Structure formats: C-alpha cells, structure tokens
*Asks:* 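Handing you a structure now.
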Amino acid sequence: MNFCKSNQTVQNTVHLIRSDLQAAFKHAFDHVIEDDLIEIQRTSQIKFGHFQSNIAMKMAKALKQSPQSIGQRLIEPLTQHPYYKQITIAGPGFINFFMSEAYFNDSLHQMGSSPTLGIQSSHPPLNIIVDYSSPNVAKKMHVGHLRSTIIGDSIVRLLTFCGHRVIRQNHIGDWGTQFGMLIEYLIQNASDPQSADVTTAYQAAKKQFDDDPAFAERAKARVVLLQQGDAATIAIWQSLVENSERHFSEVYERLGVLLNAADIRPESYFNDQLQPLVDTLTQSEICVVDQGAKVIFLDGFKDQEDRALPMIIQKSDGGFLYATTDLAALQFRLERLKADRIIYCVDSRQQQHFDMLFAAAKKIGWIDQQQLEYALFGTVLGEDHRPFKTRSGDTVALLPLIDQAIEKAKSLIIKKHPNWAKAQLNQTAQSLAISAIKYADLSNDKIKNYLFSEEKMLAFDGNTAPYLLNAYVRIQSLFRKANCDVPTAMNGQLDLSTEVEIQLAHHLCYFPIEIEAIAKHLELHRLCHYLYQLAMLFHRFYEHHPILNDRSQESRLALAALVSRVLAQGFSILGIQTIDYM
RNA sequence: GCGUCCGUAGCUCAGCUGGAUAGAGCAACAGCCUUCUAAGCUGUGGGUCGCAGGUUCGAAUCCUGCCGGGCGUGCCA
C-alpha cells in the first residue's frame, strides 16, 4: 500500500541512475541485475557527492573482482547525462554521483511549480482512522493526554496532506461505574453538574466512597439507575458530559488541534452493541465462559502463572470492560466507517491490550486487507527523570501548563523586544509556547519516554521550535525588505553557484522523499529532524551570502522562497503556526 | 517467571530498508554585528554506540545470550 507518493525530479533521477547502472552492468559483464538490488542512497557527507551506490561491493564476490575495478568499468559509459557532473569510485568501492547545476535547477523548479511541493496524492485515497486524545469525562485533561493529542493531530495532518480521507475519532471515556459515585455525590451536595469542578468532586466522591459504606451503597445503586436509563440520572450524567466537553474544546482550541465535537465517538455510543456483540461471539464459540467471565482466548498471551491469558469481555457480574467497548468500536470502524487503516495513538503501556484487541479481531474474522496499527508513545518525564508530576505529586493539568509556557515565552520576548505592543507580545508568546510544546514532543522518537523541559523547548538554539521559526521569520523579513512575496520570488531564475547553496538545494529536493517515508512509518521526529537541518542550512546560507542588492538577488530570493514554503508546509503538518516576527 | 520497550558524548537527543572517519544542540573554551532579525554564524575539545558471541566484504543498525532500567501481566482504564 502506498500511503504517500512523491513524484518529481529527485525520484526520477534515482530511477535514472539505477537504470543507467543496470545498462552499464549488462554492457560490462553481460549480466542482468534486478532493480531492487541496486540501492541508490543519499550520501552521508557532501564530500562523497549527492547520491551513491554500493552495487560494486555487493557484486564483488559473485564476479570475483575488486569493487573498485567493477566500479571503474561501470562508470565509463555513465558520464554522458547532463545531470551528472562527476562520478567517482571511492572508499571501499562506493560509486559516488556528483550532480550538476542543471539537475538542481530542474529539481527545484519542478518542486516550486507544484502546489504540493512534489508530493503526489495517494490514489486511491484510503480511509484512515486515527484514534487519539481520548480524555475522560469528569477529569480535567492533564499531561497524560498531551502526547496522544499532539501526535495524533500531526498524524492526521500528515496523512491528509498525502491525500487520504482521514477520520478522527476521539473515544472519550464517558461511561463506567465511577459515574455512580460522582452523580450520587453531586446530588447529595446539590451541586450543579453543568458548572461543578468535576476533578475536585470526583476526588471527594472517591474518598467518601471508600470511607462511608452507606454512600458506597447509594453509589452502586446509582450505577444501576444510570445503566437502566433512569431519566433524572441520565440528565445529570448528560450535564457532566457537556461540562467536560466544553473543557476539552477549550484545550483543543488553545493547543490548535483539529479535534472538535463532531470527532467525539464516546464509549457510551457503543453501549447498546455490547451485549449483542458478546452474544454473537458466544454463539460462534469465539467467546467462552471461564471462571464465570466471558472471555476470548488468544494464542501467545500468558499470565503470571504461565497460563493462557484471555481477553475478558464480560465480567462475572455481567458488566462490560474497556476491551468490550474497544472491540465494538473496532467493528464500527471496520464495517460502518469502512476503514482501510486504523491508527491507535496510545500510551505504550496499553500495547498488550491492543495486541489482544488486534488478535481478537483476526480471530473473529473481521480483518481482511485492513491494517491495524498503533502509534505508541512513551511517558512524559519531569526533569528528575520520573513521570511528570506537580511538587505535591498530582498529575499536571494541561491548561496551567500551557499558561506557564506562555509566560516563559513572554519573558524571553521582552528581553529582545522591550517595546513591543501588548497584543503583539501576547500573540507571539502564545504561538511560540504552543509550538515549543508540540515540537518538543514531536521531535523525539515517540516510542521513547521524553523529558519535559520548558527551558529546553523554548531555547533558541538547537532542535527547537524557536530555532526553526526564526529561520522562517528571517525569510519573511527579507521579503518585506525586498518588497516582494513568496509566489513572485518563486518565478525567479535560479543560478546556484556556491557550495552552501547547492547543499541547501540538495536538502530541499529531498522533501517529497522524506514525507513519503515518514507517512509510511509515522515517524514525525524525522520530519522535525529534516526541518531542523533545513533551518540550519538556511541560517548558514543567510550568514554567508548577501541576498538583497546582490547580483544574485533573484536566484537567492527564489531559493529562500522555496525554503519558506517547505518550512511552512512542514510546520503545517506538525500543527505549528507560522509567525512573521519574533 | 513471561511479554514488551529502552540503553549512543557530562546532559538532552538524531543516526532512514546494514555502508565510508558515529552526528546535532546544551554545557566549556576561542572568534564574528558601519549591510538583509547576533533568538544567528564559524572554530576547538569531548564517545569501549550497555556486555559477549554470531551472520557479512562491511554491524550503533540484523540474530542469539547476558547485564541494567521502565512498563504490562484475569474480571480498572
């Protein structure tokens, strides 16, 4: 399956080199080698040229010749194409290709004339479901929801950019026994469920549940009322849900993520389907009764005593579990939403649960060609390398965390621009802080735990949002000074002459290929790394070359314009807002 | 115990399907603003890639076994 396709000069050039090598091989050794045996890769260092092939080393044994002599015979007939500037044999036998200015001019021109920077939409588009964020009603969103929300949002943007039909699913936790005690507590204290501070109420309810047996009894009875659909109970529950959803919306809006009310498909949505689902699975003997519970046994899962560990889908008391809801949600996504690919953006601690879910779906026979996968992520750690908590040991709430980052950004901006108007200061600080939080998360390999450091994420040096945004801001400033804009500058004639310009061009050309690879494996940190290198190369270019009022102004502005577009496109995929001043 | 993930410079992290002398940033030291945003650029020092085997022309990368750490492991989510 193709998740994203790049089709432009670079890729055509890779094909060109490959087929040239193939022809040369046939000519020199009367031997046909298969396409996929000839890898063409980007060189590790600029002194080795722009592309390289290791085919001479691969074939040395079979041909009983040294890689160097094989390489030598291969490159002789290769030197004709105007895209090749120089071809050399080096090191243990690499064939290094140095590309010509014509190649870079053509590549950049083609990229610049494409509205999608050379990325071709996937045909046909796939229905891709991204399950992310998934906060719980009756709890404020906290740092534990941050990664799923940010990573999921970026995955949605990435796959949308690649031309897919992406369906967001926010599987919020709005059902379960805990609502019995919460509702009972609110009734007892005559609290308004629309406006109550649910986190505090929840904690108090839990405490009373543990300490007061009479309350616990009433809470349990309330669960039954809720499940039976008692009108008064449902009304309170509904208010609680609305209360929480307003809070979720506020967080999503402040973070600038795409999730909205229409993406919410809560646990309660599947309530009616749980019993029928269990019954069907029982009838087909996929689900069996074990120790009083209804379970599905799956190969390869063991408990602590090395016995088969089943997935429990109905408790011995008749209650359902999150495995049941997830199973029903999966069925819904496959059958009703016609999912081709489903991506669960969840904490890596849930891996086993989802392994079981996927295995169950296969056992039931729901899965044909569709792909179930997850974007697993590690824990957010504090500077002490322990899970990120407040000083008192509580989970860190999201809104105060965002506010704090904004304050920090403000103080940094004031140092540089003491005279900025309040509105500009606030707006820039907000953009910078949100970008910093997102970028810090996305730039780390998501499977690893990551260290949350406000200091580092807002640093102006290194692989941070401010550093990248600064490259963008510098370009916008250039265009203001030149009285020109990006689309106009894009039409300028390129005339690349220096090593730094060529390096920048070479890196730009790789954008579509990077995006293609990133979309396949959902490696967002790789996009960050790519953009970081682009920003670094641009800063170097900017520092070493005069741009305005230089005889190369037209060419250099065209180059800057393309950098601007690629940065902006990259930021857009990461969910980062561009700014024009900082 | 079993499963799973992680282990790369003092610190935070890259290293793509195996490829050349393992790369950035921070921190340390030394330079660069009468021209486009110095929130920048240039240079120096710093690594037994957890350990040991194996596969290979070639291993941080693949395989096996250890060591260390996180997480999960039957009716919570």
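Note that the coordinates shown come from a computational prediction; the quantities given were computed from them, not determined experimentally. Just so we're on the same page: letters track the sequence lines, and every chain starts at 1.
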*Asks:* For RNA chain B, what residues of residues 67-75 of chain A have any heavy atom nearer than 4.0 Å?
*Replies:* none
*Asks:* So if I take residues 133-145 of chain A and measure heavy-atom distances to RNA chain B, which residues fall below 4.0 Å?
*Replies:* none
*Asks:* Look at A:R386 together with A:D384 and state whether they make a salt bridge at an N to O cut-off of under 4.0 Å.
*Replies:* no
*Asks:* Looking only at atom P, what distance separates B:U73 and B:C16, rounded to whole Å?
*Replies:* 32 Å
*Asks:* How far does the P atom of B:U56 sit from the matching atom of B:C63, given to the nearest Å?
*Replies:* 16 Å
*Asks:* NA contact type, A:D303, heavy-atom cut-off 4.0 Å: base, sugar-phosphate, or nothing?
*Replies:* base
*Asks:* Identify every side-chain donor-acceptor pair in residues 307-314 of chain A under 3.5 Å, counting partners at least two apart or on other chains, and give the distances.
*Replies:*
| from | atom 1 | to | atom 2 | distance (Å) |
| --- | --- | --- | --- | --- |
| A:Q314 | NE2 | A:Q275 | OE1 | 3.0 |
| A:Q314 | NE2 | A:G318 | O | 2.8 |

*Asks:* For Watson-Crick and G-U wobble pairs within 3.5 Å on both distances, what is RNA chain B written in dot-bracket notation, | included for inter-strand pairing?
*Replies:* (((((((..((((.....[...)))).(((((.......))))).....(((((..]....))))))))))))....
*Asks:* Work out how far the C1' atom of B:G18 is from that of B:A59, and round it to whole angstrom.
*Replies:* 6 Å
*Asks:* Taking everything shown except A:N483 itself, do over 12 heavy atoms lie less than 6.0 Å from its CG?
*Replies:* no
*Asks:* Looking at every non-hydrogen atom in both residues, tell me the closest pair between A:L442 and A:L574 and how far apart they are.
*Replies:* CD1-O, 3.5 Å
*Asks:* Is B:C5 in the syn or the anti form, by the rule that syn lies within 90° of 0?
*Replies:* anti
*Asks:* Taking the C1' atom in each of B:U55 and B:G65, what is the distance between them to the nearest angstrom?
*Replies:* 15 Å
*Asks:* Excluding sequence neighbours, so at least two apart, what forms salt bridge (Lys or Arg N to Asp or Glu O under 4.0 Å) with A:E455?
*Replies:* A:K408
*Asks:* Return the 5'-most residue of the pair A:K61, A:I95 with respect to RNA chain B, ranking by each residue's nearest nucleotide.
*Replies:* A:I95
*Asks:* Taking B:A60 as the reference, what is the distance to B:G15 when you measure between their P atoms (whole Å, please)?
*Replies:* 16 Å
*Asks:* Show which side-chain atoms of residues 540-552 of chain A pair as donor or acceptor with protein atoms under 3.5 Å away, not counting sequence neighbours.
*Replies:*
| from | atom 1 | to | atom 2 | distance (Å) |
| --- | --- | --- | --- | --- |
| A:E543 | OE2 | A:R474 | NH2 | 3.0 |
| A:H545 | NE2 | A:T498 | OG1 | 3.0 |
| A:D550 | OD2 | A:S552 | N | 2.8 |

*Asks:* Enumerate the residue pairs fulfilling ring-ring contact (aromatic ring centres under 6.0 Å, His included) with a member in residues 286-320 of chain A, sequence neighbours excluded, ordered by first and then second residue.
*Replies:* none
*Asks:* I'd like the C1' distance from B:C66 over to B:G23, given in whole Å.
*Replies:* 29 Å
*Asks:* B:A9 and B:U48: how far apart are their C1' atoms, nearest whole angstrom?
*Replies:* 13 Å
*Asks:* Nucleotide range of RNA chain B contacted by chain A, 5' to 3', under 4.0 Å to a heavy atom?
*Replies:* B:G1 to B:A77
*Asks:* List, one per line, each side-chain donor-acceptor pair under 3.5 Å for residues 460-473 of chain A, sequence neighbours excluded.
*Replies:*
| from | atom 1 | to | atom 2 | distance (Å) |
| --- | --- | --- | --- | --- |
| A:N463 | OD1 | A:Y439 | OH | 2.5 |
| A:T464 | OG1 | A:A459 | O | 2.7 |
| A:T464 | OG1 | A:Y467 | N | 3.3 |

*Asks:* What interatomic distance, in whole Å, is found between P of B:C49 and the corresponding atom of B:A20?
*Replies:* 15 Å
*Asks:* Taking atom CD as the centre, does A:Q68 end up with more than 12 heavy-atom neighbours from other residues, nucleotides or ligands that are less than 6.0 angstrom away?
*Replies:* yes
*Asks:* Regarding A:G91, tell me which of base, sugar-phosphate or nothing describes its non-hydrogen contacts under 4.0 Å with the strands shown.
*Replies:* base
*Asks:* At under 4.0 Å between heavy atoms, what does A:A90 touch on the DNA or RNA strands: base, sugar-phosphate, or nothing?
*Replies:* base
*Asks:* Start with the C-alpha distance between A:Q291 and A:S316, add both sets of side-chain angles, then the distance that settles side chain to side chain donor-acceptor pair (under 3.5 Å), and finish with yes or no.
*Replies:* CA-CA 8 Å; A:Q291 298 174 31; A:S316 44; over 6 Å; no
*Asks:* More 5' along RNA chain B: A:R480 or A:D461, using each one's nearest nucleotide?
*Replies:* A:R480
*Asks:* What's the verdict on ring-ring contact (aromatic ring centres under 6.0 Å, His included) for A:H507 and A:Y530, showing C-alpha distance, side-chain angles and the deciding distance?
*Replies:* CA-CA 8 Å; A:H507 194 66; A:Y530 171 87; 4.2 Å; yes
*Asks:* Report which part of the nucleic acid A:Q304 touches: base, sugar-phosphate, or nothing (heavy-atom distance under 4.0 Å, all strands).
*Replies:* base
*Asks:* Heavy atoms within less than 4.0 Å of RNA chain B: which residues of residues 308-318 of chain A have one? Give them sorted by number.
*Replies:* A:L309, A:P310, A:I312, A:K315, A:S316
*Asks:* Less than 6.0 angstrom separating the ring centers of A:H353 and A:Y322, yes or no?
*Replies:* yes
*Asks:* Can you list every ring-ring contact (aromatic ring centres under 6.0 Å, His included) pair that touches residues 37-75 of chain A, not counting sequence neighbours?
*Replies:* A:H50-A:F104, A:H50-A:H506, A:F51-A:H506
*Asks:* Name all residues meeting the ring pair (Phe, Tyr, Trp, His ring centres under 6.0 Å) criterion together with A:Y202; count only those two or more places apart in sequence or in a different chain, and write none if there are none.
*Replies:* none
